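All values reported here derive from a predicted model rather than from experimental measurement. Computation of the quantities below employed the complete heavy-atom set of this structure, encompassing side-chain atoms and omitting hydrogens, waters and symmetry-equivalent molecules.
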Number of protein chains: 2
Amino acid sequence: MHRPRKEMIAETRAKLIAAARRAFGTIGYAEASMDDFTASAGLTRGALYHHFGDKKGLLEAVIAEIDGEMAVRVNEVASRAPTRWQHFVDECTTYIEMALEPEIQRIMFRDGPAVLGDPAQWSNANACVGSMTDHLTALQGEGVVVPSVDPETAARLINGASSQAAQRIANSDDPEATSKIVVAAFKQLLEGLLRKPASQQS
Amino acid sequence: MHRPRKEMIAETRAKLIAAARRAFGTIGYAEASMDDFTASAGLTRGALYHHFGDKKGLLEAVIAEIDGEMAVRVNEVASRAPTRWQHFVDECTTYIEMALEPEIQRIMFRDGPAVLGDPAQWSNANACVGSMTDHLTALQGEGVVVPSVDPETAARLINGASSQAAQRIANSDDPEATSKIVVAAFKQLLEGLLRKPASQQS
DNA sequence: TCAATTGGCATACGAAGCGTATGTGAGTAG
DNA sequence: CTACTCACATACGCTTCGTATGCCAATTGA
């Protein structure tokens with residue numbers, strides 16, 4: 001039998017990622033003891049070092065997994081929507097909603113950048129921004145969005161605003177009410193990208 | 001003599017903050033050994049714990065200092081400018097320029113949020129956002145900015161976009177050229193806040 | 001001026017946590 | 001069946017952190 005072997009290895013990797021994800025998402029990367037969360041997966045640090053090199057390597061793996069999940073969720077919501085612009089806006093607001101989840105917020109927007117540096121430089125995790133960039137490019141082709149902005153740049157800026165939006169909602173006393181206010185402001189900013197019907201440039 | 005005593009204490013605090021600021025700004029908060037950088041100031045961890053409680057407390061002090069400096073610099077640039085809207089835009093771009101400095105980027109936008117949490121909740125360091133909020137409020141009063149957005153929320157979102165803008169420029173191969181592209185996209189987003197002359201809403 | 005006291009800062013100690021070097025046993029190939 | 005590979009555990013030393021304790025200069029009050 002060749003399979004059981006490979007399957008066990010894959011399972012070990014998966015268990016480590018799952019355990020680390022739980023730890024990173026709750027108590028945070030810095031506070032998460034490798035001894036503790038590997039033990040919670042029924043393993044030791046030996047397995048961790050073997051598969052991921054070090055703690056940062058494991059974080060990268062966790063981030064890649066989450067990024068993949070986020071991309072799927074964004075695309076699901078994005079698929080339905082009357083216009084492409086609406087599609088794009090939905091994508092952004094979905095992004096904000098996901099960033100509300102403590103695990104995503106902590107790992108993707110807080111500890112991740114602190115430990116691994118600028119997310120734009122992450123080799124494995126940029127599916128969401130890539131999707132937004134594609135839509136902006138298409139919208140420019142359709143004449144909906146002003147042609148002067150660089151799509152990827154705009155996507156990154158929007159990404160930054162989304163992160164702040166999510167934090168503001170999450171830390172609010174009244175998330176429901178705050179959400180309305182924040183999303184409204186966010187959409188208002190997005191309108192800056194739209195080509196205005198009559199006049200132009202200020 | 002009552003002064004020398006107080007002066008020595010203040011000097012000790014200042015030396016600790018300066019040493020920590022240097023360490024945090026270069027190698028980063030996590031990698032900065034308290035033994036090392038206190039020694040570089042001719043002191044020990046004893047002084048650090050006495051004055052700041054712990055490493056995080058010292059980081060807070062460093063952040064408060066930097067925030068104060070940033071507020072001064074923003075206000076300097078802000079003072080001259082023909083219109084209030086231009087004033088506001090200049091404020092934002094100055095903010096981006098400051099975020100380009102490695103020390104500020106690392107401490108204020110990377111390690112700070114990772115260690116202390118959402119910057120919006122920092123009690124001592126919010127001068128810059130406060131200033132932007134004030135200007136947005138005034139601009140709404142003048143009818144320049146759409147009345148529907150919450151000023152502080154907008155300021156926070158812009159802040160997030162600024163941070164991303166700075167990172168994008170800083171990590172670029174050609175910062176000069178990238179800067180133009182990024183700032184252009186940033187300003188475009190800001191225009192979403194402007195009340196349009198003729199039509200409205202899309 | 002001199003004792004008592006405060007408090008600023010250093011030293012000493014214990015507890016984790018991390019990374020590496022090494023060991024071991026199960027699977028695999030020739 | 002033997003030798004090798006490799007997934008993973010164990011063991012060790014180093015660094016770092018937090019606290020408990022000690023010391024000495026500066027201040028205070030008589």
Ion pair check, Arg106(B) and Glu31(B), cut-off under 4.0 Å: no
Taken to the nearest whole Å, CG/Leu48(B) to C1'/dC17(D) is 11 Å
State which residues pass side chain to side chain donor-acceptor pair (under 3.5 Å) with Ser172(B); sequence neighbours excluded, sorted by chain then number. Thr178(B)
Do NZ/NE/NH1/NH2 and the carboxylate oxygens of Glu97(B) and Arg73(B) come within less than 4.0 Å? no
Going by the salt bridge (charged side-chain N to carboxylate O under 4.0 Å, His left out) test, name the single residue among Arg21(A), Arg22(A), Arg110(A) that passes it with Glu103(A). Arg21(A)
Taking atom P of dG25(C) as reference, at what distance in whole Å does atom CD1 of Ile9(A) sit? 19 Å
Which ones in residues 51-59 of chain B lie close to DNA chain C, meaning a heavy atom under 4.0 Å from one of its atoms? His51(B)
Starting from P on dC9(C), measure out to CG on Leu16(B) and report it in whole angstrom. 8 Å
Distance test, side-chain N/O of His50(B) to OP1/OP2 of dC9(C), below 4.0 Å: no
dC9(C) P sits how many Å from Arg13(B) CZ, rounded? 10 Å
Within residues 31-47 of chain A, residues whose heavy atoms come under 4.0 Å of DNA chain C: Ala32(A), Ser33(A), Met34(A), Arg45(A)
Separation of Tyr29(B) atom OH from dC17(D) atom C1', in whole Å? 10 Å
